[in-house]
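FYI, side chains are in, hydrogens and waters are out, and symmetry mates aren't considered; it's all heavy atoms of this structure. Quick caveat: nothing in here was measured; it's all calculated off a predicted structure. Chain identifiers are assigned alphabetically (A, B, ...) following the order of the sequence lines, protein sequences preceding nucleic acid strands; residue numbering begins at 1 within each chain.
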Amino acid sequence: MSTLASLTRATLAKDLRLEWRSKDAINSMLFFSLLVVVIFSFSFDPTAEESRRIAGGLVWVAFLFAAVVALNQTWARELRNQVLDAYRVSPAPPNALFLAKVIGNFIFVTVLQALMTPLFIVFYNLRALGPAYQLPIVAALGTWALVVNGTFFAAMSLRTRSREIMLPLLLFPISIPALLAMVEATGAILTGEFSAKFWIVLLAAYDVVFTIASLFLFGFVLQAE
Amino acid sequence: MKRVFPILAVLTAGLLSYALYEALVAAPTEQTMGDVQRIFYYHVPSAWTAFILFFVNFFASVAYLIWRSSKADVIALVTAEVGVVFCTVVLVTGPIWARPVWGIWWTWDLRLTLTLVLWLIYVSYLVLRRFSSSGQTPLLAAVLAVFGALDVPLVYFSIWFFRTQHPQPVVGGGGSIDPRMLHALLINWLAFSCFAALVCWSRYRLEVLHREVEETMALEALLEPRSPQTKTSRSGSGG
């Protein structure tokens, strides 16, 4: 267990340091979601009332696309100089690598959300009519849902041709319940018309199911010949 | 084994024509919906068949992950392909029926959405099989099938939360159905299942042959002396 934790921490620290110095992922995600916000904002030009109703969908579509940008870069770094092959030969547990990547992506997307939320508020005139303290919970659970599956499928699409296209093709169909839950929960909190409890529970269940499944199956994917 | 295939084919053809007669002629016309309702004899059996095929796909995928048998992988591939075809039939016949009866082509109701999501998952499964290099395909596909199966209950609960507009299940549910209609439905289901099994079987044989040919060709390429290869490459560069 301690090897798992220390290896996870080491890989995570390396990834964060690399990202801190290059800022590749965060910059492309930020600019991408900024573009989405601007384009949606002037193509719909919603009133405050309307935007409260559609904001859940807009926000999560922007984050979903931005997350795909980051997820596609996750494993590319490990392919250079055969780092991934070296990892496969080493006795280190595969799950340490996977957890580190998931946590790293989770941090990137959370930073993105923290930076983008003020922009969303400005462009769409948002103010939560429901219990606003639930929004961070929904954001954290939703991000984890996207990132845990996304990291897994990014590792899977490494083994395919045209892998950048494969990732969304694999990720989006499986993520439909999670996306629905995020969008509905956010809409419920913003409009205050109904309770978001059910959706939060569903998101939590989704996270638990797919985290366990990924941890079970990641070894297979890493060792695939 | 080779004898059984034509016999089954003839049986399936007979059963399909009988089922066609049952659905279009023998079954009584529905009181309120009229003849449109007869699409039900194709819609529902296709859905059941597709779901059974996806079930088989899931078990074959798990079997592959445990035993790594290439037979299980071929079964998984075949059931996914045929299942997607039947699922497409469901998704196409549904709106044709819904437009005159509900007045809309499509609605985000529980069963509709679940079928659509299943279809999407299995299309992405087939795309993955297409795009991954041959050695890793079975493993990646099996992993994706497991993910898809885990996803189904979550999709179910997420959409169950909305009110459902689909007609309640007529078999096993509280709804009442004319016994002649039920008869036509079950005959159609039997015919469609036989048809699906037949298609799966021939596709299975085709895939096994295909793999054998590929293996033989790979072996031959290994055993072949080097000279003809260099000759072809030289002539290729010359031309």
Side-chain angles (χ1 to χ4, degrees), chain A residues 145 148-150 152-185 188 194-214 216-225, chain B residues 54 58 61-68 70 73 80 84 87 108-110 112-163:
Chain A
V148 79
N149 271 352
F152 190 89
F153 289 136
M156 261 172 73
S157 51
L158 274 186
R159 316 254 171 233
T160 62
R161 299 192 298 273
S162 58
R163 58 179 85 109
E164 313 249 306
I165 307 169
M166 263 329 275
L167 172 64
L169 293 188
L170 296 176
L171 177 62
F172 292 177
I174 298 275
S175 307
I176 286 174
L179 275 175
L180 185 68
M182 294 169 215
V183 170
E184 288 297 315
F194 50 101
S195 162
K197 288 256 166 60
F198 172 85
W199 296 113
I200 293 176
V201 171
L202 186 83
L203 263 181
Y206 183 97
D207 285 357
V208 170
V209 167
F210 281 103
T211 307
I212 293 172
S214 303
F216 258 107
L217 294 170
F218 183 71
F220 287 130
V221 173
L222 186 71
Q223 305 298 349
E225 282 306 314
Chain B
F54 290 153
F58 170 63
S61 302
V62 172
Y64 180 80
L65 283 180
I66 298 172
W67 292 297
R68 299 298 162 97
S70 72
D73 176 54
V84 165
C87 205
W108 293 105
D109 142 276
L110 178 58
L112 274 74
T113 316
L114 195 60
T115 313
L116 180 65
V117 172
L118 257 182
W119 186 83
L120 288 174
I121 289 174
Y122 274 97
V123 170
S124 82
Y125 174 94
L126 292 180
V127 173
L128 175 71
R129 292 204 78 119
R130 226 338 153 18
F131 274 82
S132 52
S133 42
S134 57
Q136 302 143 354
T137 314
L139 185 91
L140 297 182
V143 168
L144 184 64
V146 171
F147 266 73
L150 289 175
D151 209 36
V152 169
L154 289 160
V155 178
Y156 184 88
F157 282 117
S158 65
I159 305 155
W160 164 80
F161 198 57
F162 295 118
R163 254 182 54 216

Chemist: Measure distances from B:Val146 to the heavy atoms of chain A and classify the residue's part below 4.5 Å as side chain, backbone, both or neither.
Modeler: side chain

Chemist: Where is the tightest heavy-atom contact between B:Val117 and A:Pro173, given as atom of each residue plus distance?
Modeler: CG1-O, 4.2 Å

Chemist: Rounded to the nearest 0.5 Å, how far apart are CD1 of A:Ile176 and CG of B:Leu116?
Modeler: 7.0 Å

Chemist: Counting only non-hydrogen atoms closer than 4.5 Å, does A:Met166 touch chain B with its backbone (N, CA, C, O), its side chain (CB onward), both, or neither?
Modeler: side chain

Chemist: Quick one: of B:Gly148, B:Ser124, B:Pro153, who has the most non-hydrogen atom pairs under 4.5 Å with chain A?
Modeler: B:Ser124

Chemist: Go through the atoms of B:Leu65 and report whether side chain, backbone, both or neither lie under 4.5 Å from a heavy atom of chain A.
Modeler: both

Chemist: By a 4.5 Å heavy-atom criterion (distance strictly below it), what part of A:Phe216 contacts chain B: side chain, backbone, both, or neither?
Modeler: neither

Chemist: Chain B heavy atoms under 4.5 Å from A:Ser214: which part of the residue, side chain, backbone, both or neither?
Modeler: both

Chemist: Using a cut-off of 6.0 Å, state whether more than 12 heavy atoms not belonging to B:Tyr156 lie near its atom OH.
Modeler: no

Chemist: Which pair of heavy atoms, one from B:Leu139 and one from A:Phe220, lies closest together, and at what distance?
Modeler: CD2-O, 3.1 Å

Chemist: Please list all pairs meeting salt bridge (Lys or Arg N to Asp or Glu O under 4.0 Å) that have one or both residues in residues 121-130 of chain B, counting only residues at least two apart or in different chains.
Modeler: B:Asp73-B:Arg129

Chemist: Show the nearest heavy-atom pair for residues B:Leu140 and A:Arg159, with the distance to one decimal.
Modeler: CD1-CB, 3.7 Å

Chemist: Stepwise, does the side-chain contact (heavy atoms from CB on, under 4.5 Å) test hold for A:Ile165 with B:Phe131?
Modeler: CA-CA 10 Å; A:Ile165 307 169; B:Phe131 274 82; over 6 Å; no

Chemist: Measure the OG-CG distance between A:Ser157 and B:Leu128 for me, rounded to the nearest 0.5 Å.
Modeler: 9.0 Å

Chemist: Go through the atoms of A:Phe153 and report whether side chain, backbone, both or neither lie under 4.5 Å from a heavy atom of chain B.
Modeler: side chain

Chemist: About how many Å separate CG of A:Asn149 and CG of B:Asp151, when rounded to the nearest 0.5 Å?
Modeler: 8.0 Å

Chemist: Examine whether an atom of A:Tyr206 lies under 4.5 Å from a heavy atom of chain B, and if so say whether it belongs to the side chain, the backbone or both; otherwise answer neither.
Modeler: both

Chemist: Less than 4.5 Å apart, side chain to side chain, heavy atoms only: is that true for B:Phe147 and A:Leu217?
Modeler: yes

